[in-house]
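Given the structure is predicted, the values throughout are model-derived calculations rather than measurements. In the text below, chain A, chain B and the rest are named by the order of the sequence lines, each starting its count at 1.
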Amino acid sequence: DQQVKQNSPSLSVQEGRISILNCDYTNSMFDYFLWYKKYPAEGPTFLISISSIKDKNEDGRFTVFLNKSAKHLSLHIVPSQPGDSAVYFCAANIQGAQKLVFGQGTRLTINP
Amino acid sequence: KAGVTQTPRYLIKTRGQQVTLSCSPISGHRSVSWYQQTPGQGLQFLFEYFSETQRNKGNFPGRFSGRQFSNSRSEMNVSTLELGDSALYLCASAGEVAYNEQFFGPGTRLTVL
């Protein structure tokens, strides 16, 4: 039973354009969501998070949107840069539980 | 501030052996979580320790165990290794201010032959 799903295994975007990564969840108890970026042979790097009391959180080029009724979140990267090429994981948590549930990841490739 | 460190980075063991992995959290962080990453199952939660007590546990067999010391350093042990235990084992720590945000170490790549 996959509680967090990233349905796109890969995404290719032109440099300078917007990258949109999507994530769906099924467990309505989740109330905190995070995005991580991962390079091969390294641990995930925290990017941005959002609490369920908000529907948007912005940090520089990264914006996360949360649609609670649809149980859907997305990460927008604007503008996309070559260094953004990596695997992106969304993760969900019940606040304070420290028990992240991860999606399967989306490999983002930024083309020059 | 130094990040999460894990030792060793790479490990090769044979079936039936046991292994101990170590994790040092970010200074001041008291919560340490462990995750397993495999190509088939993705990133899965193993367990979480806080102040030397296991607070949360994932769905792994009892061969997987852990502990945390008074300085918040944590170890994870896997006994009677199986081929399927080959994975990247990741440790993450969280502080008490932004307690929902976990910061990961580089991982230990375990290969079981």
Visitor: Work out which heavy atom in A:Pro44 is nearest to a heavy atom in B:Leu90; give both atom names and the distance.
Guide: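 What the structure gives for the nearest pair is CD-CD1, 3.8 Å.
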Visitor: Given a strict heavy-atom distance threshold of 4.5 Å, which part of B:Leu43 is in contact with chain A: side chain, backbone, both, or neither?
Guide: both
Visitor: Where do B:Gly40 and A:Gln104 come nearest, in terms of heavy atoms and distance?
Guide: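 So the minimum-distance heavy-atom pair works out to O-NE2, 3.9 Å.
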Visitor: Heavy-atom distances under 4.5 Å only: say whether A:Tyr39 touches chain B with side chain, backbone, both or neither.
Guide: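 It is neither, since no heavy atom gets under 4.5 Å.
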Visitor: If hydrophobic clusters are built from ILVMFWY residues whose side chains come within less than 4.5 Å, do A:Phe62 and A:Tyr36 share one?
Guide: no
Visitor: Tell me whether B:Arg63 at atom CZ has more than 12 heavy atoms from other residues, nucleotides or ligands lying less than 6.0 Å away.
Guide: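 Enclosed.
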Visitor: Please say whether more than 12 non-hydrogen atoms of neighbouring residues, nucleotides or ligands are located less than 6.0 Å from CG in B:Asn71.
Guide: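 Correct, the count exceeds 12.
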Visitor: Hey, is NZ on A:Lys54 packed in by over 12 heavy atoms from elsewhere, all under 6.0 Å?
Guide: no
Visitor: So which heavy atom on A:Leu100 is nearest to which on B:Tyr35, and how close?
Guide: N-OH, 3.0 Å
Visitor: CG of A:Leu47 to CD of B:Glu101: how many Å apart, nearest 0.5 Å?
Guide: 11.0 Å
Visitor: So if you build clusters from Ile, Leu, Val, Met, Phe, Trp, Tyr with side-chain heavy-atom gaps below 4.5 Å, do A:Tyr88 and A:Leu11 land together?
Guide: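 Result: yes, single cluster for both.
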Visitor: Hey, is CZ on B:Arg15 packed in by over 12 heavy atoms from elsewhere, all under 6.0 Å?
Guide: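 Open.
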Visitor: Do the non-hydrogen side-chain atoms of B:Phe104 and A:Glu42 ever get within less than 4.5 Å of each other?
Guide: no
Visitor: Tell me, with the steps shown, if B:Phe45 and A:Gln98 meet side-chain contact (heavy atoms from CB on, under 4.5 Å).
Guide: CA-CA 9 Å; B:Phe45 171 79; A:Gln98 304 296 10; 5.9 Å; no
Visitor: Work out which heavy atom in B:Gln102 is nearest to a heavy atom in A:Leu34; give both atom names and the distance.
Guide: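 Looks like N-CD2, 4.5 Å.
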Visitor: Tell me whether A:Lys68 at atom NZ has more than 12 heavy atoms from other residues, nucleotides or ligands lying less than 6.0 Å away.
Guide: yes
Visitor: Taking atom CZ as the centre, does A:Arg107 end up with more than 12 heavy-atom neighbours from other residues, nucleotides or ligands that are less than 6.0 angstrom away?
Guide: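 For A:Arg107, atom CZ is not crowded (no more than 12 foreign heavy atoms under 6.0 Å).
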Visitor: Where on B:Arg55 is there a heavy atom nearer than 4.5 Å to chain A: the side chain, the backbone, both, or neither?
Guide: side chain
Visitor: Under a 4.5 Å heavy-atom cut-off, does chain A meet the side chain of B:Gln37, its backbone, both or neither?
Guide: side chain
